[in-house]
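All values below were derived from every heavy atom in this structure, side-chain atoms included, with hydrogens, water molecules and symmetry-related copies excluded.
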Amino acid sequence: MIVGLVVACEVAFWVLLAAGLAVRYLLRMPRTGLALLLCEPLLEVVLFAVTAVDLRHGAAPDWRHGLAAVYIGFTVGLGHSTIAWADARFAHRFAGGPPPVRPPRYGRARALHEWKVAGRWILACAVALALLQAAAWYVGGDGDTGSLRAWQHRMLAVIGINLVIAASYTLFPKRERPR
């Protein structure tokens, strides 16, 4: 049930995003489009509540509960930037907006961009880590929380990978080739 709800939340995220942008730009109803976009966090609240109720009713914490926590964390950390990315492209394509800004390709500006991206991923992982820890505490010492701990290790690995990528752009900046 939890996996199906995670999939449903992901599908609903993209449906709400497309509907919000279509209403905002194609139907020229920016407030209604914004209202649809602001419904996005409700998906995570529902997923959080269902997962908590499932655990409270004695379900053994397993990878599905970890997946729900990670999904919520990633939506919190990456959802806003995903919406902004789609909004810029939709506005350009359908509403005569300016072309989307491309990330810098070289030097210090690229390193700064990579640190911002890493910051979003680290936020996503930190939220997931906190939710996983809260789930482990919620279950208590009687339950087997090994699968939740495994998800926590994965989140720490994702943080490490993002730090290495951002640091590599800082320590070894890509330089523009002379023409």
Side-chain angles (χ1 to χ4, degrees), residues 1-21 23-24 31-88 112-170:
M1 177 173 98
I2 299 292
V3 173
L5 188 56
V6 169
V7 171
C9 285
E10 181 67 12
V11 170
F13 174 85
W14 291 104
V15 168
L16 276 173
L17 178 60
L21 294 175
V23 167
R24 185 176 190 173
R31 287 186 187 159
T32 307
L34 179 61
L36 283 170
L37 293 174
L38 290 175
C39 289
E40 300 274 3
L42 295 177
L43 300 171
E44 282 65 49
V45 171
V46 169
L47 180 59
F48 180 76
V50 169
T51 303
V53 167
D54 191 44
L55 288 171
R56 178 48 77 192
H57 284 89
D62 60 13
W63 67 272
R64 293 177 281 262
H65 299 98
L67 177 65
V70 169
Y71 176 81
I72 292 169
F74 278 33
T75 302
V76 169
L78 303 171
H80 183 268
S81 62
T82 302
I83 291 170
W85 173 86
D87 185 56
L112 179 61
H113 169 76
E114 291 299 329
W115 280 107
K116 288 178 182 177
V117 170
R120 287 191 290 269
W121 279 91
I122 291 168
L123 173 63
C125 292
V127 170
L129 283 165
L131 290 173
L132 290 163
Q133 187 60 46
W137 287 335
Y138 191 63
V139 170
D142 299 335
D144 177 25
T145 59
S147 63
L148 300 176
R149 300 286 179 221
W151 277 106
Q152 285 180 319
H153 294 312
R154 290 181 192 114
M155 293 303 95
L156 291 172
V158 171
I159 288 172
I161 290 167
N162 278 279
L163 289 173
V164 167
I165 290 170
S168 72
Y169 277 93
T170 302

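For the pair I2/D62, no side-chain contact is recorded, criterion being any heavy-atom separation below 4.5 Å from C-beta on. Within the 4.5 Å cutoff, the side chain of Q133 has heavy atoms near those of the R149 side chain. Side-chain contact between L47 and L43 is absent, with no heavy-atom pair separated by less than 4.5 Å. Contact check for H65 versus V139: no side-chain heavy atoms found under the 4.5 Å cut-off. Side-chain contact check for L131 versus F48: some heavy-atom pair is nearer than 4.5 Å. Y71 has its side chain out of reach of V7: every pair of non-hydrogen atoms, C-beta onward, lies at least 4.5 Å apart. Looking at heavy atoms from C-beta onward, I159 lies in side-chain contact with L129 at the 4.5 angstrom threshold. Side-chain atoms of L37 and R24, non-hydrogen and from C-beta on, do get closer than 4.5 Å to each other.
For the atom pair CZ (F74) and CG (L67), the distance works out to 10.5 Å, reported to the nearest 0.5 Å. Here the SG-CZ distance, from C9 to F13, works out to 11.0 Å after rounding to the nearest 0.5 Å. How far CH2 of W121 is from CD1 of I165: 9.5 Å, rounded to the nearest 0.5 Å. Note: L123 CG to H80 NE2 = 12.0 Å, rounded to the nearest 0.5 Å. Distance check, rounded to the nearest 0.5 Å: SG of C125 to CD of Q152 gives 11.5 Å. Note that CH2 of W137 and CG of L148 are 12.5 Å apart. Values are rounded to the nearest 0.5 Å.
Contact between A124 and L78 at its shortest, heavy atoms only, is CB-CG, 4.3 Å. When every heavy atom of W151 is checked against every heavy atom of W63, the shortest pair comes out as NE1-O, 3.1 Å. The heavy-atom pair separating L36 from L16 by the smallest distance is O-CD2, 3.9 Å. Closest of all the heavy-atom pairs between D144 and P61 is O-CG, 3.2 Å. Scanning all heavy atoms of the two residues, the minimum distance from V23 to G33 falls at CG1-N, 3.6 Å. Across L17 and A86, no two heavy atoms sit closer than the pair CD2-CB, 3.8 Å.
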Q: Please step through side chain to side chain contact (heavy atoms under 4.5 Å, CB included) for the pair V50 and M1, ending with a clear verdict.
A: CA-CA 9 Å; V50 169; M1 177 173 98; 3.6 Å; yes
(Q) Under the criterion side chain to side chain contact (heavy atoms under 4.5 Å, CB included), I'd like the reasoning laid out for L163 against I122: C-alpha separation, chi angles, the key distance, then a yes or no. (A) CA-CA 9 Å; L163 289 173; I122 291 168; 3.6 Å; yes
Q) Going through the checks in order, is the salt bridge (charged side-chain N to carboxylate O under 4.0 Å, His left out) test met by D54 and R64? A) CA-CA 11 Å; D54 191 44; R64 293 177 281 262; over 6 Å; no
Q: Apply side chain to side chain contact (heavy atoms under 4.5 Å, CB included) to M155 and V70, showing your working.
A: CA-CA 8 Å; M155 293 303 95; V70 169; 4.0 Å; yes
